[in-house]
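Report on the structure given below.
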Amino acid sequence: MITDILTKLASLNKGRDGDWSDRLNSLYTSRLLVCLGILVTTRQFVGDTIICFGPNEFNGQWNNYMDAYCWVSNTQYMPLNSHHDALIDGYERVPIRYYQWTPLILLLQAGLFAFPGLLWRSMYQSAGIDFVKITETASKFETVIDSTAWNTVVGKLSKHIDRYLELQKEYNPSWWRRVGSCLNGRLIVSVSRHYGNYLTCAYPLIKIVFLINILFQYYMLCTWLGHEYQLYGWNVILAVWDGQGIQRVTNIFPRVTWCNLDRRIVEKVVNYQMHCVLPINLFNEMVFLIVWYWMLVVFIATTIMLFRWCLRCTFQPHIYIKKHLKFNGRLRTTEEKRMVRKFITGYLKPDGVFIIRVLAKNTSSIFISDLLVELFDTFLAKQREGASRENDLHSPNEEPDLELNCVASEHKDLTGSADCPYPYRYDYSPPPPASSALPRLDPPPVGKRDYR
C-alpha cells in the first residue's frame with residue numbers, strides 16, 4: 001500500500017523539468033509528508049490513542065464510551081498548577097482540536113506541494129515542449145557506446161526543439177501585435193510564445209507560487225495549532241541549548257488534557273471532568289517539528305534559486321552558449337563568429353536558452369554541447385537556404401529580349417504573327433512623335449457571309 005502511494009505520487013512529477021529546488025518542493029516534500037501521514041495513521045490504529053481516567057462508577061462499556069467521546073470531541077489543555085475554578089469558569093482553556101485530523105492535514109499539505117509542479121508541467125506541455133521526455137531519452141542513451149545511435153538521438157531531440165522554436169515565429173501579426181512588438185522592451189514587457197519569452201517568464205512565476213504555497217501552509221498551521229507554532233522550531237533550539245526538554249518549550253502538544261463529559265442520571269445531568277492522556281501527541285510533536293524545519297529549508301532554497309534564475313534571465317546568455325559551442329570545436333570560422341549572436345537572439349531567443357539551461361540541470365554537459373552544435377548547424381543551414389532563395393528572387397533568370405522592330409501597319413492581325421508576337425508594337429528607335437496616332441483599323445465589310 002505504501003509503495004503504491006509513493007509510486008503514484010512520483011509519477012505525478014518526476015522532477016526532470018526544473019532544478020533541484022523544484023524537486024525539493026514537488027517530489028521530496030510530498031513524499032516526506034505522505035510518509036509522515038502514513039506513520040501517524042498507523043499509530044492511531046495500533047495501540048491506544050487516548051486514555052482517560054474516569055470516576056469509579058465507570059466500568060466496562062462506560063470506559064470505552066468515555067475514551068471514544070473524549071477522542072472525537074476536542075479536549076482542553078490547562079496546566080495542572082492552575083486553580084480549579086479557572087477550569088470551571090472557562091478561563092485559560094486551550095482547545096486541542098488537531099490530533100484527530102493530523103493524517104488528513106499532512107496529506108493535504110502533500111497535495112498542495114505537488115500542485116505547482118503539476119501546473120508547471122501543464123504550462124510547458126501546452127507550449128509544445130516536453131522536458132521530461134527529452135531528459136529521459138537523453139539519460140537513457142548517454143551510456144550508449146555506438147556513436148551513430150547517439151547522433152541519431154541528438155538529431156531527433158534537436159528537431160523536436162527546432163519545431164518548438166519555429167512555432168515562436170508569428171507570420172501574420174495583427175496591427176496591435178506590431179505595435180506591441182515596437183513597444184516591447186521600451187515601454188512595456190510583452191509575454192507571448194511568439195516573442196520567445198513565454199517559458200522564461202512563466203518559470204519564475206511558478207517559483208513564486210511555490211513560495212506563496214509555503215507561506216500559506218505555514219499560516220494555516222499557525223492558525224490550526226496555535227500562535228505558539230510561529231517560532232516553534234527556534235524555541236526548541238533555545239530549549240535544547242539551555243538543557244531543557246521539548247515539552248517545556250510550548251503547550252502546543254500537551255500529554256495530559258481535560259475532558260468534559262455530561263451524563264444524564266434520571267432527571268438531572270451530571271458533568272464529569274476527567275484527565276486524559278494523549279500518547280499520539282508524542283508522534284505529533286516530532287512530526288510537526290520536522291515539518292517546521294523542513295518548510296524553512298525549502299523556503300530558503302526556493303528563494304535562492306528564484307533570484308538565481310532571475311539573474312540568469314536578466315544577463316545575456318552569450319557566454320554560456322559560446323562555451324558549449326567552443327567545447328565541440330565551433331566558432332573558429334569568421335562566418336560562425338558572425339552568426340552566433342543572431343543564433344542566440346534571433347533563433348533561440350530567451351525560451352530557447354531557457355530550455356537549454358533546464359536540460360543542463362537534468363542531463364550531462366556532453367549532451368548539451370552536442371545538442372547546441374546540432375541546433376547551430378540547423379540554424380546555419382536555414383540561413384544559407386534563405387540567403388540563396390533571396391538571391392534567386394532578386395536575380396531571376398533573364399529571358400532574351402524580343403526585337404521590337406515590327407511595325408503595326410505591317411501586322412494588322414490582332415493576334416500577332418510569328419515575326420511579331422505582339423499585335424501592336426512600335427519601333428522604339430526613334431520613338432514615335434507625340435502627335436502621331438495609331439493606324440486606323442477598318443472594320444470588316446458588311447455583306448453576305450459564306451456559311452459553306
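Hydrogens, waters and symmetry mates are skipped; everything else that's a heavy atom, side chains included, is used. FYI, the numbering just counts along the sequence from 1.
- Within 6.0 Å of atom OH in Y293, more than 12 heavy atoms from other residues, nucleotides or ligands are found, so the atom counts as buried in its surroundings.
- Judged purely by atom type and a 3.5 angstrom limit, W120 uses its side chain to pair as donor or acceptor with the backbone of D17.
- Note that CG of N151 is 10.5 Å distant from OG of S158, once rounded to the nearest 0.5 Å.
- Residues D19 and Y203 have side chains in contact (heavy-atom distance under 4.5 Å, counting atoms from C-beta outward).
- Scanning all heavy atoms of the two residues, the minimum distance from Q230 to C222 falls at CG-SG, 3.5 Å.
- Across every non-hydrogen atom of P116 and F210, the tightest pair is CB-CE2, 3.4 Å.
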Begin with the C-alpha distance, continue with both residues' side-chain angles, and end with the deciding distance and a verdict on side-chain contact (heavy atoms from CB on, under 4.5 Å) for I356 and L375. CA-CA 11 Å; I356 298 299; L375 290 174; 4.3 Å; yes
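- Closest of all the heavy-atom pairs between S369 and F327 is OG-CD2, 3.4 Å.
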Stepwise side chain to side chain donor-acceptor pair (under 3.5 Å) test for N362 and R23: CA-CA 11 Å; N362 300 277; R23 292 189 289 272; 3.0 Å; yes
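- Under the 6.0 Å cut-off for aromatic ring centres, Y69 and Y272 do not qualify, their centroids lying 6.0 Å or more apart.
- A distance of 9.5 Å separates CG in L311 from CG in L306, rounded to the nearest 0.5 Å.
- When every heavy atom of T302 is checked against every heavy atom of S21, the shortest pair comes out as CA-CB, 4.3 Å.
- Under the side-chain contact (heavy atoms from CB on, under 4.5 Å) rule, I38 has a single partner from V34, T41, V40, which is V34.
- When each of I300, L221, I290 is paired with M295, the side-chain contact (heavy atoms from CB on, under 4.5 Å) condition holds for L221 and for no other.
- In this structure the side chain of Y229 reaches within 4.5 angstrom of the side chain of V291, judged on heavy atoms.
- Residues W150 and D370 have side chains in contact (heavy-atom distance under 4.5 Å, counting atoms from C-beta outward).
- The closest donor-acceptor contact from the side chain of Y99 to the backbone of N281 lies at 3.5 Å or more, if one exists at all.
- No side-chain heavy atom of N213 sits less than 4.5 Å from a side-chain heavy atom of N25.
- A distance of 8.5 Å separates CD in Q100 from CD1 in I50, rounded to the nearest 0.5 Å.
- Taking 4.5 Å as the limit, some side-chain heavy atom of N260 sits within range of a side-chain heavy atom of Q76.
- Proximity of F283 to F253: side-chain heavy atoms (C-beta onward) are nowhere separated by under 4.5 Å.
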Before you tell me yes or no, could you show the steps for L27 and R31 under side-chain contact (heavy atoms from CB on, under 4.5 Å), namely the whole-Å CA-CA distance, both residues' side-chain angles and the distance that decides it to 0.1 Å? CA-CA 6 Å; L27 189 61; R31 288 182 176 182; 3.8 Å; yes
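- Of the inter-residue distances, the one linking S122 atom OG with L119 atom CG reads 5.0 Å to the nearest 0.5 angstrom.
- Applying the 6.0 Å contact sphere to OH of Y218 captures more than 12 heavy atoms from other residues, nucleotides or ligands.
- Nearest heavy atoms, L331 versus K337: O-CE, 3.0 Å.
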Could you walk me through whether Y164 and L199 pass the side-chain contact (heavy atoms from CB on, under 4.5 Å) check? CA-CA 12 Å; Y164 172 77; L199 296 177; 3.5 Å; yes
For the pair C52 and C276, evaluate disulfide (SG to SG under 2.5 Å) and give the outcome as yes or no after the intermediate values. CA-CA 4 Å; C52 295; C276 295; 2.1 Å; yes
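- Ring centroids of W292 and F288 are separated by 6.0 Å or more, keeping the two rings apart.
- Looking at T200, its side chain does come within 3.5 Å of a backbone N or O of P350 through a donor-acceptor pair.
- Looking at every heavy atom in both residues, L112 comes nearest to Q217 through CB-NE2, 3.2 Å.
- With hydrogens and angles disregarded, a donor-acceptor distance shorter than 3.5 Å links the side chain of T29 to the backbone of L24.
- D22 and K361 are not joined by a salt bridge, as no carboxylate oxygen comes within less than 4.0 angstrom of a charged side-chain nitrogen.
- No side-chain heavy atom of I105 sits less than 4.5 Å from a side-chain heavy atom of M220.
- Residue Y98 qualifies as enclosed at atom OH: its count of foreign heavy atoms under 6.0 Å is above 12.
- Distance check, rounded to the nearest 0.5 Å: CZ of F367 to OG1 of T135 gives 8.5 Å.
- No donor-acceptor pair under 3.5 Å is formed between the side chain of R341 and the backbone N or O of M339.
- For R330 and F376, the positive end is not near the middle of the six-membered ring at less than 6.0 Å and at most 45° from its axis.
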Assess whether side-chain contact (heavy atoms from CB on, under 4.5 Å) is satisfied between H318 and T345, documenting all intermediate values. CA-CA 9 Å; H318 297 82; T345 58; 4.0 Å; yes
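- In this structure, Y320 has its ring center closer than 6.0 angstrom to the ring center of H324.
- Counting heavy atoms from C-beta on, the side chains of D162 and K382 come closer than 4.5 Å.
- A side-chain contact (heavy atoms from CB on, under 4.5 Å) with Y124 is found for one member of V358, D351, I355, I129 and no other, namely I129.
- Separating the OG1 atom in T257 from the NE2 atom in H275 is a distance of 9.0 Å, to the nearest 0.5 Å.
- Remark: the backbone N or O of A110 is paired with a side-chain donor or acceptor of S30 at under 3.5 angstrom.
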